[in-house]
Amino acid sequence: MPDFFTFISDVLWGSVMIYLLFGAGCWFTYRTGFVQFRYIRHFSKSLKNSISPQPGGLTSFQALCTSLAARIGSGNLAGVALAITAGGPGAIFWMWVAALIGMATSFAECSLAQLYKERDASGQFRGGPAWYMTRGLGMRWMGVLFAIFLLIAYGLVFNSVQANSISRAFHFAFDFPPIVSGIALAFFTLLVIMRGIKGVARIMRWFVPMMTLLWVATSLIICLLHISELPGIIVSIVKSAFGWQEAVGGAAGYTLSQAITSGFQRSMFSNEAGMGSTPNAAAAAASWPPHPAAQGIVQMIGIFIDTLIVCSATAMLVLLAGNGTAYAPMEGIQLVQRAMNTLAGSWGAGFVAIIMVLFGFSSIVANYIYAENNLYFLRLNNIRIIWTLRIITCSTVIAGTLLSFPLLWQLADIIMACMAITNLTAILLLSPVVHTIASDYLRQRKLGVSPVFDPLRYPDIEQQLAPDTWDDLTRN
């Protein structure tokens, strides 16, 4: 069975996903006028504006922290280690490339989620790929298919991956039984997810910045202590990315395709650009300024933080320790722990285990919120089914501590590809709408006014929108 899953994963990622991700990222970079580079200097201003509370939804900062909670998890630790062992140091370069072009893809999907959001019975904004597939494309069947993929991914598979990494880290550092880790993790997960999307967002707005700063600051201090070695690390990343390092050494080493595939796979698992998960958080925000593109820009910051900062912090530690190829290729989180032990001493493995708990726990909670959101789309949001989802989520957390590590990552890659293919197809079909949103935002910025989205300017789009979602803002 593992060989079958490996075959499916190789087919999807070797023949479809790399080209689709790269092509979509380049296309949206062009269609949005290079939005990720044009607005990078406005990131601090966008973050400041995102804190302003607005009626009817989360603040943009809360939505960003919720999406970061899902993004920053085992992919930023175990995933980076896997990328290096599978594709060499060059995989990190391709993670960076995937993140830079993925920022435009994230802008597209999150702007669409904001545009096509709607209110639930309690007045909370909800939306995501399933909604813009239904409203924007008129293809509810595609929305249902995507919602099912997301429920499998975020209700089952990804939580198992997070739990597995946590249990392995604790077992390595403290010889803690995996099943005990799983039960404790499931218990605390249940306590938090019972608070709903607003309660989770309030927790994550301080929890996510705290855990991110803790890991990045630790990595930065260690890098400064080994600053003389950093230029060589950067050179090895670039040379290995194109196979130059192996060619000069006369060794087979890692191939270019291995580096690209590993970099793109682990980048997507970590930052989720194009997968269609982040739009679920983006749609919940009452964005300020009241324009779909504003939330798209805020969510681009999440890609930047996740991959270019947090993943890079992990990569530097692994490469500084010289452990990139010294251990079993599927060692994952334990490779990061060994690296920290080498660089910082015997306390390193325990520190990584604690960071892994923070990262993994926040991801499991946010993953559940994404899954519950799609129950609303499927009109299955009654209390019995919601509690069934909660029980299944907690059960998979426990089961994930006992399952095979390679099998879990193979399943994650397959379901991730299924989600991404469906979502990328939808946003590519909606690229004229993305272009309209980006152009409207840029036009108002050039006029020196705070952008406000007026659906009356775009009759074709207006008739697709949920009633009163944007009308109230333009009349105020």
Tell me, do V310 and V216 make a side-chain contact under 4.5 Å, heavy atoms counted?
yes
- request: Return yes if some donor-acceptor pair links the side-chain N/O of S431 with the main-chain N/O of L428 below 3.5 Å, else return no.
  value: yes
| field | Evaluation steps, side chain to side chain contact (heavy atoms under 4.5 Å, CB included), between V434 and R31 | value | CA-CA 8 Å; V434 175; R31 290 290 283 172; 5.8 Å; no
In this structure, CZ of F359 is separated from CD1 of I333 (nearest 0.5 Å) by 9.5 Å
### Query
Any donor and acceptor pair, going by atom type alone, linking the side chain of H171 with main-chain N or O of F176 inside 3.5 Å?
yes
CD1 of I415 to SG of C418, rounded to nearest 0.5 Å, is 5.0 Å
TODO: Applying side chain to side chain contact (heavy atoms under 4.5 Å, CB included), run through L375 and L151 and close with a yes or a no.
DONE: CA-CA 8 Å; L375 289 182; L151 282 167; 4.2 Å; yes
**Request:** Please confirm whether the backbone N or O of V452 pairs with a side-chain atom of Q444, one donor and one acceptor, at under 3.5 Å?
**Result:** yes
Practice prompt. Could you please spell out the steps behind the side chain to side chain donor-acceptor pair (under 3.5 Å) verdict for N374 and Y154?
Written response: CA-CA 10 Å; N374 281 265; Y154 284 86; over 6 Å; no
(Q) Using only atom types and a distance under 3.5 Å, with no angle test, would you say the side chain of S160 pairs donor to acceptor with the backbone of T396? (A) yes
Checklist line | More than 12 heavy atoms of other groups within 6.0 Å of F22 CZ | finding: no
Smallest heavy-atom separation, S312 atom then L308 atom, equals OG-O, 3.1 Å
> Are any non-hydrogen side-chain atoms of Y132 and L115 less than 4.5 angstrom apart?
Replying inline: no
Closest non-hydrogen atoms of G182 and T401, given as atom of the first, atom of the second and distance, are CA-CG2, 3.6 Å
Margin query: Is the terminal nitrogen or CZ of R126 (NZ for Lys, CZ for Arg) located under 6.0 angstrom from the six-membered ring centre of Y376 and within 45° of that ring's axis?
Written below: yes
From the list L389, L190, V397, I392, side-chain contact (heavy atoms from CB on, under 4.5 Å) partner of Y368 resolves to L389
Quick check: do M275 and L150 have side-chain heavy atoms less than 4.5 Å from each other?
no
Closest heavy-atom pair, I386 versus E372, reported as atoms and distance to 0.1 Å, is CG2-OE1, 3.7 Å
**Asked** Between E109 and G274, is there a donor-acceptor pair closer than 3.5 Å when you use the side chain of the first and the backbone of the second?
**Response** yes
- Message: Within the 4.5 Å heavy-atom criterion, are F146 and M419 side-chain neighbours or not?
- Response: yes
Using side chain to side chain contact (heavy atoms under 4.5 Å, CB included), reason through T212 and L68 one step at a time and then give a plain yes or no. CA-CA 10 Å; T212 303; L68 276 172; 5.9 Å; no
Are L358 and W215 side-chain neighbours, meaning at least one heavy-atom pair lies under 4.5 Å?
no
CZ of F28 to NE2 of H435, rounded to nearest 0.5 Å, is 12.0 Å
Result for side-chain contact (heavy atoms from CB on, under 4.5 Å) between Y458 and one of V433, L465, T436, I437 points to T436
d(M300 CE, L64 CG) to nearest 0.5 Å is 11.5 Å
Closer than 3.5 angstrom, by distance alone: can the side chain of Q114 be matched with the main-chain N or O of A293 as a donor-acceptor pair? no
Check your understanding: Taking the six-membered ring for Trp, are W27 and Y30 parallel (under 30°), tilted (30 to 60°) or perpendicular (over 60°)?
Key -> tilted
Could you go step by step and tell me if Q36 and T29 meet the side chain to side chain donor-acceptor pair (under 3.5 Å) rule?
CA-CA 7 Å; Q36 69 268 53; T29 296; 3.0 Å; yes
* Just by distance, do the side chain of W131 and the backbone of F377 share a donor-acceptor pair under 3.5 Å? -> no
Notebook entry, point to check: Is there a donor-acceptor contact under 3.5 Å from the side chain of T189 to the main chain of L185?
Noted result: yes
Correct closest heavy-atom pair for G276 and P129 would be O-CG, 3.1 Å
Would you please classify the geometry between the H291 ring and the Y441 ring as parallel, tilted or perpendicular, with 30° and 60° separating the classes? perpendicular
- Query: Distance-only, no hydrogens or angles: does the N280 side chain make a donor-acceptor pair with backbone N or O of G128 under 3.5 Å?
  - Reply: no
Between the OG1 atom in T307 and the CD1 atom in I72, the distance rounded to the nearest 0.5 Å is 9.5 Å
A283 and F125 have their tightest heavy-atom pair at O-CB, 3.4 Å
Heavy atoms of A24 and L424 approach each other most closely as CB-CD2, 3.9 Å
CG (N76) and CG (D306) are apart, to the nearest 0.5 Å, by 4.5 Å
Carefully, step by step, assess M95 and V80 under the rule side chain to side chain contact (heavy atoms under 4.5 Å, CB included).
-> CA-CA 9 Å; M95 285 186 74; V80 172; 4.2 Å; yes
Item to complete: Decide yes or no for W96 and I92: does some side-chain heavy atom of the first lie under 4.5 Å from some side-chain heavy atom of the second?
Response: yes
Side chains of W387 and M194: closer than 4.5 Å at any heavy-atom pair? yes
ask   = Looking at side-chain heavy atoms only, is the closest gap between Q162 and M356 below 4.5 Å?
value = yes
